[in-house]
Every structure is written in C-alpha cells, then in structure tokens.
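For clarity, every value in this text was computed on a predicted model and none was experimentally measured. Reminder, nothing fancy here: chain letters follow the sequence lines and each chain counts from 1.
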Amino acid sequence: MKWILESLAETLSPLVSMPAEAVQKLFRVEANAERGDLALPCFPFAKALKQKPDAIAQTLAESIAALDAVEQAEAAGPFLNIRLKLSAIAEHVFTSCLDAPDSFGQNQTGEGKTVVLDFSSPNIAKPIAFHHIRSTVIGNALANLHEACGWKTVRINYLGDWGTTQGKLISAFRRFGSADALQADPIKHLLEIYVRFHQEAETQPELLDEAKALFKNLEDGDASCETLWTQFRELSIREFRRIYDRMGIRFDHYDGESLYRHQLDETVEEVTQKAGAKIDQGALIVDLSDKKLPPCLLRKDDGATLYATRDIAATKDRHERFSFDRSLYVVASQQTVYFQQLFEVLKRMDFDYATRCEHIPFGMLQLADKTMSTRKGQVIFLEDVLDKAVALSREAIAEKNPNLNNADQVAEQVGIGAIIFGDLVAHRKNDVTFEWSRILDFKGKTGVYVQYTHARCRSMLRKGEMDADLKDSAQFTRPEEKEVLKGIAQFPDMVQKATDSCDPSLIANHLVNLCQSFNSLFSMGTEYRFLDDNPALRSTRLSLVLAVATTLKNGLQLLGLATPEEM
RNA sequence: GGGCGAUUAGCUCAGCUGGAUAGAGCGUUGGCCUCCGGAGCCAAAGGUCACAGGUUCGAAUCCUGUAUCGCUCGCCA
C-alpha cells in the first residue's frame, strides 16, 4: 500500500503544513471495509492549521477525491475516510505481482549491507531438543527476510562445542563408550553415556574432577582427547545437518565456541586493557555496576574462561571477517541481561560495531507438565516432533487424497511446515506452552491452512484456461475481491516491516488473513465462480488466483515452508 | 529484595508509536458437498481488556501504585 500512501501524502503535505513522510505515517489501513480502505485521523493537524479536525477532514476530502486512484473521500467527523478504486489496486497488483512473480515482496533497501545471524546453536553430542526450534526457525526466517530486502546474510550456527561438558564426554566415552555404537547412532550413544556419567558421578564425585582434568588436557592440546572430541563434533554436525536438511535450513558456518579457544588469552588481555578488568573473589571480572548490571565474568577463579570471553572473541572475529551492518543473536530471552553485559563490555572496548549488535530474544518453551522440564533424558526431541507431525499428515493424505503420487514427500512438507509455522505465528517474545494436541492441530491458523489454500489455487490454475491478455481490472466488482487484492498489495510492506522489527509473525498472520479473505470467495456458490464461462471474466479471476498463489508461495518460502502443488 | 516481561472470550492469543462499535484460531451450537479441493466456507453464543488512580478531545494502548505469574540477579550457557 506504500505506493498509494506516498502519493496521497504528497498531495496532503502542503495542505496541512507537515512533511509528507509524517503525513504518511498517520494513515491507517482501515480494518472496517464499510468505512473505506484508508483512514486519516485529522487531530494532529488541528494545532498548526488552527481549525477544528472536523473542518480539516472536510477540506482534505475535497482535494483527495480528485486523485486518480481514489473512488471516494469523505469526512466522518474528524476522520478522513478514503475508498480506493478497485481497478487501481488491481492494476497495481497486476504489475507488481504478476509481472514479476518471483521477486514479488522483495525490495532493495538492504543493498550493500551485511547481516550476521547467530541462531539455532545446539550443543554437540546431544540431540536437538524441541526448544531449539524457536531459535532455529526464527533465525532462518529472519535471514530469509533480510535477503528479500537485499541484504547479504551470514548464517552462523554457534555450536556449544567447548567447555567442561566436553571433558565429561571424553571421560564417559573412555569408561562406557563403544566405537561401533558411536558410528551406528552417534547422538544416541553419546547421550546414553552422558546420562550414565551423571548417574555414576552421584556416587563417585571424583568422576567430575576427572572430567575437569580431561577438559584441561583438551585445552592444552592432548592428542587423544583432541581426536575423540573432533570425532564427537563431526558426527554431531552430520546428524544436525540431516535434521536441518529436513527443515530446509542451511548455515554458512558451523563456527562453535571452540573456534576461539586459541585466542582467549589474547581476548582477556584486550578486554583488561580497553574495558578494565579486575580480580574479585578470585575471578576476573569487568565491573558494570555503574550501569546497574551484574559484573561480566571473563575468568573463573581456576583461570578457565567463560561464555562471555568466547562471545567477545566471536563478535570481534565476525566483524573482522564480515564487517557486518547488523549482527543478530537469536537467543532465548533468559539471556537478556547477559547480552546487555556483553554489548556494554564491547562498547567499553570502543568497538563501534557494538551498537550494531542486537539480541533477538524469544520466549521460553514451557512444558505443560513441568516435571518433564528439568529431568535429564526427559526432554522432547525435535526430530520426534517432526516425525509425529509427518506421520499425522501422511494419515490425512491417505484419507483425503489417496491418489496423490508423491504422498511421502508432501507429508514431509506439510508436517514439518506445520511445526515451523506453528512456532512463527505466535509473537516471538511470548512464552509458549508445549502441548501435543496443539502442536499437531492442523486446523485454523496453521501452516497447513496456508499450504492448502495455495494448493487449491494451483488446482484451479491447472483446470481453467487463462489468457493473460484478457484480464481486465474492470471485471473486478466485489468487495470480497477488493479485500484479497488489498492483502496482496500489502504483502511487500509486511516484508519490510517484519525485517525491520525482526518479527516473522507479521508475515505468518498476514498470510492467514489473505487466505481467509480469499477462501470466503468460495462461499457464494454459483453466484461467483473463478472458472467462469466468459473468457475475460475467467482470465481476470484466475489472475487473482495466480496473484494469491504467488503471494502465499513467496510468503511461505520466507518463513521456511515448502509449497506443494497438491496435498 | 533489585531488574525485565506478562495479565484481553471457556482455552491459545492479535490488537503497531493513544483513534471510530475490542478482533482471530481452537472448543461449543446450528447450517453448507448434483457445481472451481469440506485440511474448506457461513452463522450464533461468549468481554467490567487483572485491580485502583492519573494524563486528554479520546486509553486495552501512555504514567503511578497494587495483586498474581514467569524469567533473571558472579564462577552454566
């Protein structure tokens, strides 16, 4: 809708003595179609013009009504309601969407800029738990959105592959491990021995000391420790890749914390010099009390480094390698304070890029039955959720479309799409409660609904003959059609907004709304048919179907969902 | 105790920097397949926007306080 808002604001700007940009922001896309398509509250002009808002609305209505794209402009008290010409919106959709379907929704506002995204970031040697889906799916969507806005993206999976846990794994493997079992199902085996390690450590606390010592050996470059660790890491990544492939997600770099293991002394040294660090209670800290933040710990009292030390090194490294304009950390909101500390330390080191780093927090995944949340071995695995969703959609296909020939592939696309969409449709920062019944619900505001609507569009396009030259915006007459066209025309605005605010749920919800207004066109029975006998009418209506399909497809792709032709 | 966030329909939530009669989905109830895909559509019921003050032309939205819940507050990440 930006195209029309710009020209409206240009016209009004001199009349209300306010910059066009400011006027543009005052416009609201009207939800209540009976009032019109756009609304402009006139209160903000009253002071400058020394007139009553009602009177202003009245005068503005007259000058707006003269514009080409405007069908009607009238004052309703202090509000200026504008009704756009259906044909004007349709013409705009024809050129913006139908003439360049593949790039519809995209823009070039990020041209020449680079964004680094740190997301997913599971720990090696453990299965990806369901709660990792949030970072994974949000990060992927944000990367796609930035690309659509012309940004160069760098997708980094910042693996948890360094720390005392690695010592525990080495100890556990030497005691209980089996090379065959490791090769057969690496993650499963590593999890088993890790759980067993903790069980045994309850009665033999010396195991923990052993693990600590082994991690120290690893840090010091002990060859046999290094060999094992490398193996754990590579096998883990292989497994992770398999799941990411299923979800259609890729990374440019698997740069874990271990990448910085050789430059930590150097990092500590630099932080100490530039930001000031001191020993307190045996640990090396940067005091941030003047910012009312807890201290940032660089070294434990035993000299070992911490998460923050590695993150400081990582940020610096990423800036040197990619010279980013924006660096996004898609990490749970629990770590909000931690990121405030991190960015504050970077600022004190005079790194100007500190201000270009942003924490993109998201709410926790809570389990309905809280007893499940803490106990080890009782986590829900991401792949189990995917498998269940795929199995369920496979059943649905068997029932509803038994002759579908690539049924297994479609079941995968629909099942996994449902899980991804389900996570993205909710606002990012809210906590979400895990319930099987809800996550496997394929009705209503779901990915399945959007995919289904898309497939339905494709089906019609296969059935009806459409001559693009016969399409004619004057053939659109219904308010329902106008709603659909408006939804399409707004899509590019939503892409921009979702990118700027790092909020993929805007796209998810917009797609659902578009589906709802489109599907309502089916409720008129014989009164309204897309596959009309009249060729001009049919071609016009099918062009609308094509525009809807294009928007849904591009939108779903941005969110990371596949768009099957049939399902 | 300090900091941050939340509280809107039976349930899960939208509601953007204040704007007109507070909206969806699920669930419930009732309709719609001789016809474009019923994983769909139409309709009904359902609200003291946690509570109390304040700011103004106007408050679910902003401010203050209270209550409840969640996260967090030095050697995990």
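Side chain of A:N81, nearest nucleotide from B:rU72, B:rC36, B:rA20: B:rA20. Considering only side-chain atoms of A:E257, the nucleotide from B:rC71, B:rC36, B:rA77 that sits closest is B:rA77. Here B:rC41 is the nucleotide among B:rC36, B:rC41, B:rA39 with the atom lying nearest to any side-chain atom of A:N519. Closest approach to the A:R529 side chain among B:rC42, B:rA20, B:rC35 is made by B:rC35 (side chain taken as heavy atoms from C-beta onward). For A:T526, whose side chain is taken as the heavy atoms from C-beta onward, the closest listed nucleotide among B:rC36, B:rA20, B:rC35 is B:rC35. The listed nucleotides are B:rG40, B:rA77, B:rC71; the one nearest the side chain of A:L306 is B:rA77. Proximity note for A:L531 (side chain, C-beta onward) versus B:rC75, B:rA39, B:rC36: the nearest is B:rC36. For A:R35, the side-chain atoms get nearest to B:rA20 when compared with the rest of B:rC41, B:rA20, B:rG37. For A:N401, the side-chain atoms get nearest to B:rG37 when compared with the rest of B:rA77, B:rA20, B:rG37. Here the nucleotide nearest the side chain of A:F442, chosen from B:rG74, B:rG70, B:rA39, is B:rA39.
Side-chain N/O atoms of A:K400 include none lying less than 4.0 angstrom from OP1 or OP2 on B:rG40. At the phosphate of B:rC4, neither OP1 nor OP2 sits under 4.0 Å from any side-chain N or O atom of A:K429. Taking side-chain N and O atoms only, A:Y449 has no distance below 4.0 Å to OP1 or OP2 of B:rA24. For A:Q516, a side-chain nitrogen or oxygen approaches OP1 or OP2 of B:rG25 to under 4.0 Å. For B:rG37, one of the phosphate oxygens OP1 or OP2 lies less than 4.0 angstrom from a side-chain nitrogen or oxygen of A:S459. Residue A:R310 has a polar side-chain atom (N or O) positioned under 4.0 Å from OP1 or OP2 of B:rA77. Taking side-chain N and O atoms only, A:R456 has a distance below 4.0 Å to OP1 or OP2 of B:rG38.
Of the P atoms belonging to B:rC63 and B:rG19, the separation is 14 Å, rounded to the nearest Å. Atom name C1', nucleotides B:rU12 and B:rU28: the rounded distance is 16 Å, in whole Å. Taking the P atom of each, B:rA60 and B:rU21 are spaced 11 Å apart, rounded to whole Å. Straight-line distance between the C1' atoms of B:rG54 and B:rA45: roughly 37 Å, to the nearest whole Å. Spacing between B:rG46 and B:rA9 at atom C1', rounded to whole Å, works out to 6 Å. B:rA50 and B:rG15 have their P atoms separated by 15 Å, given to the nearest Å. Nucleotides B:rC51 and B:rU68, compared at atom P, are 16 Å apart to the nearest Å. Spacing between B:rU17 and B:rU7 at atom P, rounded to whole Å, works out to 13 Å.
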Would you list the protein and nucleotides 54-63 of chain B atom pairs, both N or O, that sit under 3.5 Å from each other?
none

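The aromatic ring centroids of A:F530 and A:F522 lie less than 6.0 Å from each other. Checked against a 6.0 Å centroid threshold, the rings of A:Y260 and A:W162 do not count as neighbours. The aromatic ring centres of A:Y452 and A:F442 sit 6.0 Å or more apart.
Taking atom CG on A:L298 and atom P on B:rC75, their separation rounds to 14 Å, with Å as the unit. In this structure, A:L40 places its CG atom 11 Å from C1' of B:rG19, rounding to the nearest Å. The separation between A:K25 atom NZ and B:rG19 atom C1' is 18 Å, rounded to whole Å. The interatomic distance linking A:I285 (CD1) with B:rC73 (P) rounds to 15 Å, in whole Å. Here the P atom of nucleotide B:rC75 and the CG atom of A:L297 are 7 Å apart, to the nearest Å. Rounded to an integer number of Å, the gap from A:L342 CG to B:rU72 C1' is 17 Å. Rounded to a whole Å, the CD atom of A:Q24 is 18 Å from the P atom of B:rU17.
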So what's the dot-bracket for RNA chain B: Watson-Crick or G-U pairs under 3.5 Å, [ ] if a pair crosses, | if it pairs off-strand? (((((((..((((.....[...)))).(((((.......))))).....(((((..]....))))))))))))....

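Using a 4.0 Å heavy-atom criterion, one finds that A:K497 contacts the bases of the nucleic acid, with or without backbone contacts as well. Looking at heavy-atom distances under 4.0 Å, A:D532 makes no contact with the nucleic acid at all. Contacts of A:A455 with the nucleic acid, taken as non-hydrogen atoms under 4.0 Å apart, include base atoms. Across all strands shown, A:Q340 has no heavy atoms under 4.0 Å from either base or sugar-phosphate atoms. When heavy atoms are screened at a 4.0 angstrom cut-off, A:E30 is found touching base atoms of the nucleic acid.
A salt bridge links A:R348 with A:E344: at least one charged nitrogen is closer than 4.0 Å to a carboxylate oxygen. Using a 4.0 Å cut-off between charged side-chain N and carboxylate O, A:D533 and A:R538 make no salt bridge. Here A:R478 does not pair with A:E483 in a salt bridge; the nearest charged N to carboxylate O distance is not below 4.0 Å. Using a 4.0 Å cut-off between a side-chain N of Lys or Arg and a carboxylate O of Asp or Glu, A:R318 and A:D118 qualify as a salt bridge.
The local environment of CD in A:Q72 is crowded, with over 12 non-hydrogen atoms from other residues, nucleotides or ligands closer than 6.0 Å. The number of heavy atoms from other shown groups lying within 6.0 Å of NZ (A:K553) does not exceed 12.
None of A:K486, A:R35, A:R83 except one satisfies the salt bridge (charged side-chain N to carboxylate O under 4.0 Å, His left out) rule with A:E30; the exception is A:R35. Under the ring-ring contact (aromatic ring centres under 6.0 Å, His included) rule, A:Y329 has a single partner from A:F339, A:F362, A:F119, which is A:F339.
Annotated as syn: B:rC33, whose O4'-C1'-N torsion sits within 90° of 0.
Mapped onto RNA chain B by nearest heavy atom, A:Q335 and A:C457 fall at different nucleotides, with A:C457 at the one closer to the 5' end. Nearer the 5' end of RNA chain B, as judged by each residue's closest nucleotide, is the contact made by A:R28, out of A:R28 and A:P41.
Remark: A:R541 qualifies as a cation-pi partner of A:Y528 under the 6.0 Å distance and 45° angle criteria applied to the six-membered ring.
If you take CD on A:Q335 and NE2 on A:H359, they are separated by 6.5 Å, rounding to the nearest 0.5 Å.
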